[in-house]
Amino acid sequence: MPDITVKNVQFYFPGNVEALHAVDLHLPPVPTAIVGENGAGKTTFAKLLKRLLKPSQGKILLNGGPIDRLSTTQIAAHIGLVFQNPDHQIFKNRVRDEVMFGPLQIGLSKKKAYEAASQALKRVGLAESSEENPYDLALSERKLVGVASILAMDTDVIILDEPTIGQDERGKQLITSVVRELSEEGKLVLCILHDMNLVADMCERTIVFHHGRVFLDGETNWVFSHEEVLNQAAIEPPQVMQVARQLGIKHAVTEQALLNELAKLKIKC
Amino acid sequence: MSIIQVENLKYQYPSAEHLALNNLTFTINQGEFIGIAGANKAGKTSLCMALCGLIPHFFKGAYGGNVLVNDKPVRDTPLNNLTDLTGLVLDHPFTQLSGAKNTVFGEIAFGLENKGVPRKLMLERIEEVLHLLHISELRNKHPFTLSGGEMQRVAIASALALKPDILLLDEPTSQLDAARTTEVFRMLANLADQGTTLIIAEYNIEKMALHCHRILLLNTGSAIDFNTPRWVFSRPDLNEHGIVPPLITRLAKSLHIKRDDGLYPVETREFNALGGFVDA
């Protein structure tokens, strides 16, 4: 089972600008949301896990071993990162080639890479776009090309940086079901998200970043119950919890629970 | 007073097989805050492009019908004249930022410089939008070193600084955190109150329901409805158009809580008043 341990990691951008401060985390294969205001350090953290950036201090362990002892190819075979901006990820001029690139780099044969790419594209609903130029696709579709590229590599760890940017309801449902399936397969899925409704839907654990520090970390419902702390980190609880609070109803985390409570109140009226 | 008139607008991208915009006809009044809702490929971005003139001046293809902005036909008006009237925030800030400036301050100044705005006024406007979007502390940073959400706020600030009569925003809050999203919607509502016409294409139905005066519902390039949020989100066939109504409307539908006019509420206060759940 995949497992990441982050030990006292600090990261400074050039000019001694601190982006992350003393981050200590253990990440077992539980669907986990990473949330926080813009500039809180979420994307920097994801890049450190993927070793696109190196910690200024501290250590990151993958399955108990230091990640800095692994080659780029070994890291690529274990950890997949879907970039926040798909245009930073995509560079081939055919969707299929883009999705095959990763599998080929980690040593799959051309035939297996082709099959993996076909399956991944089907999973994100882009099977019919496989011969197109990614830059002829909409932003939401380019984002799904990025997701497919990582799915095709079948890594143990998948980090999705704001996967729902530009996605409509159908796209959000698709991402949600992909995350659930990956988690059921025993993979470690980390999602950087701003949509707290999706966090509540998809993730068992939520880690809140604030000014480069881990501000709150725990089971998702427990995290959302700390409203005052979340306010400081510019996080709004999911819509259901906000509406429940406005209507004076406690402990309604899901829409169905809220509906049940309201139905009881309506009968009393 | 109408500021935008769209008459039988049809548009097809070069090499595309289907119309991106199919026979749209509607009018928008000055100071209205309009939300465009629809699934991917509904035509939201294409409509924004057609209203600011990038269609047909930049994106060629088959174009029919008329778009009048301030009584000027978009097709016959040079793009640089249209940019005096309309501003556009693209769905992807990375595409919008010029890449020609090394600081956020310079990036916001870029449009103003190109418009020949006097220096003193330019400085005032830059300070104003830096403050409005809470990005004053980013002024000396390179735009491409910012986070996605910070970049998105710089893109909005750059468009706002030009003070267009009509501001078109294509998914302007997709990368913003919740607090910033709320701030941006409130700021836009204030701008509409002051007379700026706002047209926003968004997936954030909750915020559109609270702030927009009317919702234009699109499906594969056609206008399905153009009415108040209550009206549009009360439609029984909304799911068929790829839209899930706001939470309050979903709850009201399930509990059969309706207004006298048969429409469902879209915001908590009205829902509560109709349902009598909490003492006001």
Side-chain angles (χ1 to χ4, degrees), chain A residues 13-14 17 35-44 84-88 136 138-142 161-162 164-173 192 194-197 230-231 233-240 242-249 255-256 258-259 261-263 265-266 268-269, chain B residues 13 15 37-42 44-45 90-95 134 137-138 141 145-153 170-171 173-183 203-206 239 242-244 246-248 250-252 254-257 267-269 271-272 275-279:
Chain A
F13 281 113
V17 179
V35 304
E37 62 197 319
N38 296 134
K42 307 182 297 293
T43 296
T44 302
Q84 179 181 16
N85 182 351
D87 299 345
H88 288 170
D136 285 340
L139 172 66
S140 58
E141 292 170 316
R142 294 204 299 281
D161 195 350
E162 298 195 28
T164 56
I165 287 176
Q167 301 296 335
D168 59 10
E169 241 352 271
R170 196 180 139 270
K172 284 181 188 172
Q173 284 170 14
I192 297 175
H194 282 306
D195 185 335
M196 295 305 134
N197 300 324
L230 292 177
N231 276 342
I235 305 283
E236 286 179 2
Q239 192 72 18
V240 166
Q242 290 183 52
V243 169
R245 191 199 58 219
Q246 287 162 0
L247 295 172
I249 294 168
E255 188 171 337
Q256 191 55 52
L258 177 57
L259 201 50
E261 292 298 320
L262 288 170
L265 287 173
K266 199 174 172 225
K268 279 187 201 165
C269 296
Chain B
Y13 286 98
S15 79
N40 285 341
K41 300 195 174 176
K44 303 186 295 297
T45 297
L90 295 171
D91 63 347
H92 197 3
F94 198 78
T95 318
H134 301 278
E137 76 283 9
L138 305 178
K141 288 199 171 180
T145 62
L146 304 179
S147 75
E150 289 168 341
M151 234 188 247
Q152 203 157 30
R153 280 184 281 152
D170 192 1
E171 292 185 52
T173 66
S174 62
Q175 299 183 42
L176 299 189
D177 59 52
R180 299 294 181 218
T181 299
T182 301
E183 275 171 19
Y203 289 118
N204 194 330
I205 294 295
E206 301 289 345
N239 285 346
I243 298 293
V244 174
L247 174 62
I248 283 295
R250 298 200 297 274
L251 295 171
S254 297
L255 296 167
H256 309 290
I257 293 173
E267 51 95 17
T268 315
R269 196 180 305 171
F271 174 76
N272 187 36
F277 297 111
V278 182
D279 294 335

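Here is how names work: the chains are called A, B, and so on, in the same order as the sequence lines, proteins then strands, and each is numbered from 1.
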Asks: What part of A/Leu139 is in contact with chain B, defined as an atom under 4.5 angstrom from a non-hydrogen atom: side chain, backbone, both or neither?
Replies: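 Contact with chain B is through the side chain of A/Leu139 alone.
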Asks: Who wins among B/Arg180, B/Glu150, B/Glu206, B/Arg269 for the most heavy-atom pairs under 4.5 Å with chain A?
Replies: B/Glu206
Asks: Drop me the distance from A/Glu255's CD to B/Leu247's CG, to the nearest 0.5 angstrom.
Replies: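 Separation between the atoms: 5.0 Å.
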Asks: Would you name the heavy atoms of B/Gln175 and A/Glu162 that are closest together and state the gap between them?
Replies: CA-OE1, 3.8 Å
Asks: Looking at B/Leu176, B/Thr268, B/Asn239, which has the largest count of heavy-atom pairs under 4.5 Å with chain A?
Replies: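 Going by pairs under 4.5 Å, I would pick B/Leu176.
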Asks: Counting heavy-atom pairs under 4.5 Å to chain A, which of B/Leu255, B/Thr182, B/Leu146, B/Val244 comes out on top?
Replies: B/Leu255
Asks: Identify the heavy atoms of A/Gly166 and B/Asn40 that sit nearest to each other, and give their distance.
Replies: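 That closest heavy-atom pairing would be O-OD1, 3.3 Å.
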Asks: When you measure from the side chain of B/Asp177 to the backbone of A/Asn38, do you find a donor-acceptor pair of N or O atoms at a distance under 3.5 Å?
Replies: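 Present.
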Asks: For the atom pair NE2 (A/His88) and CZ (B/Phe94), what is the distance rounded to the nearest 0.5 Å?
Replies: 3.5 Å
Asks: Is it the backbone or the side chain of B/Thr45 that comes under 4.5 Å from a heavy atom of chain A, or both, or neither?
Replies: neither
Asks: Quick one: what part of B/Ile248 sits under 4.5 Å from any heavy atom of chain A, side chain, backbone, both or neither?
Replies: side chain
Asks: Rounded at 0.5 Å granularity, tell me how far CD1 in B/Ile205 sits from CD in A/Glu169.
Replies: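 Separation between the atoms: 8.0 Å.
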Asks: Quick check for you: among B/Glu171, B/His92, B/Lys41, which has the greatest number of heavy-atom pairs under 4.5 Å with chain A?
Replies: B/His92
Asks: Under 4.5 Å from any heavy atom of chain B, what part of A/Val35 do you find: side chain, backbone, both or neither?
Replies: neither
Asks: Go through the atoms of A/Gln239 and report whether side chain, backbone, both or neither lie under 4.5 Å from a heavy atom of chain B.
Replies: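 Its backbone and side chain both get close to chain B.
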Asks: Which answer fits A/Glu37, side chain, backbone, both or neither, if we ask what part of it has an atom under 4.5 Å from a heavy atom of chain B?
Replies: both
Asks: Would you mind checking which part of A/Gln167 comes under 4.5 Å of any heavy atom in chain B, side chain (CB onward), backbone (N, CA, C, O), both or neither?
Replies: both
Asks: Heavy-atom distance under 4.5 Å to chain A: side chain of B/Arg153, backbone, both or neither?
Replies: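 The side chain, not the backbone.
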Asks: Counting only non-hydrogen atoms closer than 4.5 Å, does B/Phe271 touch chain A with its backbone (N, CA, C, O), its side chain (CB onward), both, or neither?
Replies: side chain
